[in-house]
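What follows is a single structure, written as structure tokens, with notes after it.
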Amino acid sequence: MSLRHGLLGLLAERPASGYDLARRFQEMLGQVWPAQHPQIYSELSRLAQAGLIEVDSHGPRQRKAYRITDAGLAEVRRWLTEDEVDHTVRLESLLRAVFFWLMEPAELAAHLERERQFFAASAEGLRELAIAKDRGDFGSSPQTQSLRVTAEAGIRLYEALATWAEWAANHATDPAAQDATREPTR
């Protein structure tokens with residue numbers, strides 16, 4: 001996902017300032033696609049120059065709120081329906097796994113336990129959000145339903161990564177686990 005399309009998608013819901021978009025981006029997409037304030041403000045300028053968004057209102061301290069234009073809505077819809085999905089996964093945990101052989105066994109065991117705890121806690125946090133959405137705490141708008149679907153993907157991904165970290169810890173410290181046919185512990 002490009003930052004451009006993420007911002008257009010957020011503005012399709014309602015107008016927002018750069019500050020509000022940065023906050024919403026972090027809340028909704030931070031785990032999936034992190035973006036810093038300077039990146040967001042730069043992209044907003046490019047989107048405005050391209051005619052995909054426009055200033056909706058001005059506030060205190062030269063604060064601008066933006067809204068999506070018809071061209072911007074058409075662009076985000078085109079991206080959703082026509083562009084090929086980039087399935088590249090940039091996950092530092094997996095990059096580091098390639099080099100686990102450089103770690104001492106105790107360091108590796110401690111690292112993998114931290115990874116397991118992080119992924120399990122992330123899955124649990126998303127599970128609590130999903131339960132609240134299922135209860136109707138956030139209404140039943142199409143946006144809420146899309147976020148619920150996204151939360152479920154995150155839950156399943158983080159649970160799988162927590163299971164992987166547990167398996168990797170067992171595999172790295174147990175010589176009998178060197179058999180590649182062994183199933184991960186659940």
Side-chain angles (χ1 to χ4, degrees), residues 1-10 18-47 75-76 79-134 143 146-186:
M1 177 185 89
S2 72
L3 176 58
R4 163 176 287 238
H5 294 102
L7 292 171
L8 288 172
L10 290 175
Y19 176 82
D20 292 335
L21 285 166
R23 186 179 43 78
R24 285 175 51 206
F25 211 95
Q26 180 57 38
E27 288 172 1
M28 296 173 63
L29 303 168
Q31 293 271 352
V32 177
W33 195 270
Q36 303 299 319
H37 285 255
Q39 294 172 296
I40 289 172
Y41 285 105
S42 295
E43 190 59 41
L44 288 172
S45 292
R46 287 190 285 275
L47 289 168
E75 170 56 21
V76 75
W79 170 72
L80 286 166
T81 60
E82 296 176 19
D83 278 8
E84 288 293 319
V85 175
D86 178 0
H87 289 99
T88 305
V89 176
R90 289 182 50 181
L91 190 60
E92 188 174 335
S93 295
L94 297 183
L95 175 61
R96 287 180 182 217
V98 172
F99 304 107
F100 281 172
W101 61 275
L102 294 169
M103 297 174 78
E104 295 296 328
E107 294 170 329
L108 179 56
H111 170 75
L112 288 168
E113 177 56 21
R114 286 190 305 273
E115 289 289 275
R116 187 198 64 73
Q117 288 176 7
F118 171 82
F119 291 130
S122 296
E124 186 57 33
L126 286 171
R127 189 174 294 104
E128 290 172 12
L129 177 66
I131 290 168
K133 286 186 183 303
D134 291 346
Q143 294 90 340
S146 290
L147 289 172
R148 174 58 179 94
V149 168
T150 305
E152 188 64 28
I155 291 165
R156 292 173 187 223
L157 178 63
Y158 283 130
E159 285 176 341
L161 288 167
T163 301
W164 163 79
E166 182 179 348
W167 175 87
N170 291 333
H171 185 65
T173 59
D174 179 3
Q178 299 300 318
D179 178 4
T181 62
R182 182 172 175 191
E183 289 292 320
T185 308
R186 298 237 179 224

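- Side-chain N or O atoms of R148 include none that pairs as donor or acceptor with a backbone N or O of D134 at under 3.5 Å.
- Residues I40 and E43 fail the side-chain proximity criterion, which asks for heavy atoms closer than 4.5 Å.
- Using a 4.5 Å heavy-atom threshold, the side chains of L21 and R23 count as separate.
- Between the CZ atom in F100 and the NE2 atom in H111 there is a gap of 4.0 Å [rounded to 0.5 Å].
- The heavy-atom pair separating L3 from A35 by the smallest distance is CD1-CB, 3.8 Å.
- Annotation: Q36, atom CD; neighbour count of heavy atoms from other residues, nucleotides and ligands within 6.0 Å does not exceed 12.
- Between A172 and L108, the shortest heavy-atom contact is CB-CD2, 3.5 Å.
- Heavy-atom neighbours of E27 CD from other residues, nucleotides or ligands within 6.0 Å: above the threshold of 12.
- Within the 4.5 Å cutoff, side-chain heavy atoms of W164 are placed close to those of L94.
- Listed for the E166 side chain is no donor-acceptor partner under 3.5 Å among the backbone atoms of T163.
- With a 4.5 Å cut-off on side-chain heavy atoms, L91 and L161 count as touching.
- A donor-acceptor pair is defined here as one N or O able to donate and one able to accept, closer than 3.5 Å; no such pair exists between the side chain of Y158 and the backbone of F118.
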Item to check | side chain to side chain contact (heavy atoms under 4.5 Å, CB included) between R114 and L112, worked out | outcome: CA-CA 5 Å; R114 286 190 305 273; L112 288 168; over 6 Å; no

Next on the checklist: For E113 and Q117: C-alpha separation, side-chain torsions, deciding distance, then whether side-chain hydrogen bond (donor to acceptor under 3.5 Å, both in side chains) applies.
Outcome noted: CA-CA 6 Å; E113 177 56 21; Q117 288 176 7; 2.8 Å; yes

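- Between the CG atom of L129 and the CD1 atom of I155 there is a distance of 8.0 Å, given to the nearest 0.5 Å.
- A pairwise comparison of heavy atoms in F119 and A162 identifies CB-N, 3.6 Å as the closest pair.
- Counting heavy-atom neighbours within 6.0 Å of R156 CZ, excluding the residue itself, gives a total of 12 or less.
- Atom-to-atom distance recorded for T150:OG1 and Q143:CD is 12.0 Å, nearest 0.5 angstrom.
- Annotation: side chain of E115 is not in contact with side chain of R96 (no heavy-atom distance under 4.5 Å).
- Residues L8 and W79 form no side-chain contact, since every pair of their non-hydrogen atoms from C-beta on lies 4.5 Å or further apart.
- Side-chain contact check for E152 versus V149: every heavy-atom pair is 4.5 Å or farther apart.
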